[in-house]
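Note sheet for the following structure.
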Amino acid sequence: MQRILSTQLPAHVGASVRLAGWVHRRRLLKSVAFLIVRDAAGLAQVVVAAPDVRAQVEALTEETVVEVVGTVVANPTAPAGVEVVEPTVRPLGPPAVPPPFDLYRPVLAASLPTQLDHASTALRHPTRSAALRISAAAVAGFRATLDRRRFVEVHTPKVVGSSTESGANVFALDWFGRPAYLAQSPQFYKQLMVGVFERVYEVGPVFRAEPHDTVRHLAQYTSLDVELGFVTDHRDVMAVLRDTVAGMLAGVADRAGGALDTLGVTVPAVPAEIPAVHFTDALAIAGAPAGEPDLAPAHERALGEWARAEYGSDFLFVTGYPMAKRPFYTHPDPARPAYSNGFDLLFRGMELVTGGQRLHRHADYLAALAARCEPVEPYAGYVDAFRHGMPPHGGFAIGLERFVARLIGAANVREVTAFPRDLHRLTP
RNA sequence: GGUCCUGUGGAGCAGUUGGAGUGCUCGCCGCCCUGUCAAGGCGGAGGUCGCGGGUUCAAGUCCCGUCAGGACCGCCA
């Protein structure tokens, strides 16, 4: 007999079926016992009356893996309108050691550190797994959107010989006796691949050894990177980003509707054109001093509220960040060279994406490094490529965990990360 | 890295100006309950109050140190 999932029960009323999953909860009454079985699709109620089966069920612990064979009946008093009666129950493993929290309650009451310490079981809670399903659906939407636009997915090294962005802290490791680093970004490689495919994207981990102990930082996170050639300037990149974010949200709505329902989340609309403000105007809107080189988190929150009130948008572009605060490969604004053709995308007041137009002439790279008093040698393999013909190009990187956290209203990116890696956490 | 906050049975919390027995909810164990829905009723077990030192007749409570966790900031996706 083929196994079916809990959500398929209504299609099998009157038939004998085989279910398998985890003991979500047992409710033992005098004359009847209920066994709630959880599987990948949801929950199924099994009604136990026979004394010998009841004795078996009484001996099971929550989270034990079981197989149930029984008859499906429609019953309005059952939670899903259907239930399985006259079952045989067969454990598929030894009785499970129950986790230190109750997975069968609507909300997981354990504190975040407790959940993270016991991630393998905490993630089984429907609210936690829903966040991961949404994450997966968002990535599927990301790929689908870019595939339709002739982008090619690439895979670049995560162990590199020199740091990508000057100043940022890197994890050093030993590579057959030579110093090496975990990649902080696929930035250089995705630019080089523009020279091959014109349009590329990558989904992969990046590593930041910066001691930022906050609700929106991880030492390892998933970066959704995009780079495309033959752009006029950063505005072409912003248009692709707009469509990509819309495609990610469409992917979530299409593939993770159940997860959205579980969390009570509705997918926000992406304006056909996301409102954009120049950095200098953004400072004024946020009430920051005019000379500030960057936006503080409090300023970003204020801008998020402003975009909501002024445009009814959850998204806001901030363009023209000062060149001084952007990496050396950033293309300046030809009209105002102190400002860049770089942008951030704020999602509900949090920085979600950084992007921009890049330099594409070899001489510009040499000048940019010289202006920052940086040697060329560490970047030689990267900078040399620009001697061989590179189109005007640009791109962006979306922080996946931030995207999901903002989407579902999670206070901490760790709530939407299966096994977060941060300053203090290296296990599980 | 800076500032502030918190560590009390398995989980989440309360514990007042230092004062007799650390309490509550949930879980766990036992008994009861004809259909539960985070089931319900009765009873029970389980705690070096993070760790070390100090003040005091007396410390969960005050002081110092230390370890762990959290929030904000710096910085970033």
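Just so it is clear: chains get the letters A, B, ... in the order the sequence lines come, proteins before strands, and each one is counted from 1.
Using a 4.0 Å heavy-atom cutoff across all strands shown, A/Asn75 reaches at least one base atom of the nucleic acid. A/Thr214 comes within 4.0 angstrom of a base, heavy atoms only. Within the nucleic acid shown, A/Leu29 comes within 4.0 Å of at least one base atom, counting heavy atoms only. Counting non-hydrogen atoms under 4.0 angstrom, A/Gln45 reaches a base of the nucleic acid. Among the protein residues, A/Arg301 comes within range of the sugar-phosphate backbone only, with heavy atoms under 4.0 Å from sugar or phosphate atoms but none that close to a base. The residue A/Val413 sits apart from the nucleic acid: no heavy atom pair falls under 4.0 Å. Residue A/Leu28 is classed as a base contact, given a heavy-atom separation below 4.0 Å to a base. Looking at heavy-atom distances under 4.0 Å, A/Thr77 makes contact with a base. Among the protein residues, A/Ala296 comes within range of the sugar-phosphate backbone only, with heavy atoms under 4.0 Å from sugar or phosphate atoms but none that close to a base.
With sequence neighbours excluded, the residues that form a side chain to side chain donor-acceptor pair (under 3.5 Å) with A/Arg128 are A/Gln115.
Comparing the P positions of B/G19 and B/A59 gives a spacing of 11 Å, expressed to the nearest Å. Taking atom P on both nucleotides, B/G60 is separated from B/G52 by 13 Å, rounded to a whole Å.
Base pairing of B/U66: its partner is B/G50, meeting the Watson-Crick or G-U wobble criterion (both donor-acceptor distances under 3.5 Å). Pair assignment for B/U36: none, as no Watson-Crick or G-U wobble contacts are both less than 3.5 Å.
Using a 4.0 Å cut-off, no side-chain N or O of A/Asn412 falls inside it from OP1 or OP2 of B/G70.
Contacts between residues 112-139 of chain A and RNA chain B, counted as heavy-atom distances below 4.0 Å, involve A/Pro113, A/Thr114. Contact check of residues 98-110 of chain A against RNA chain B (heavy atom, cut-off under 4.0 Å) returns A/Pro100, A/Asp102, A/Tyr104, A/Arg105, A/Pro106, A/Ala109, A/Ala110.
Between A/Phe279 and A/Tyr321, the two ring planes are tilted [angle within 30° to 60°]. Aromatic ring orientation, A/His331 versus A/His360: parallel (interplanar angle below 30°, classes split at 30° and 60°).
The listed nucleotides are B/C76, B/G12, B/A71; the one nearest the side chain of A/Arg216 is B/C76.
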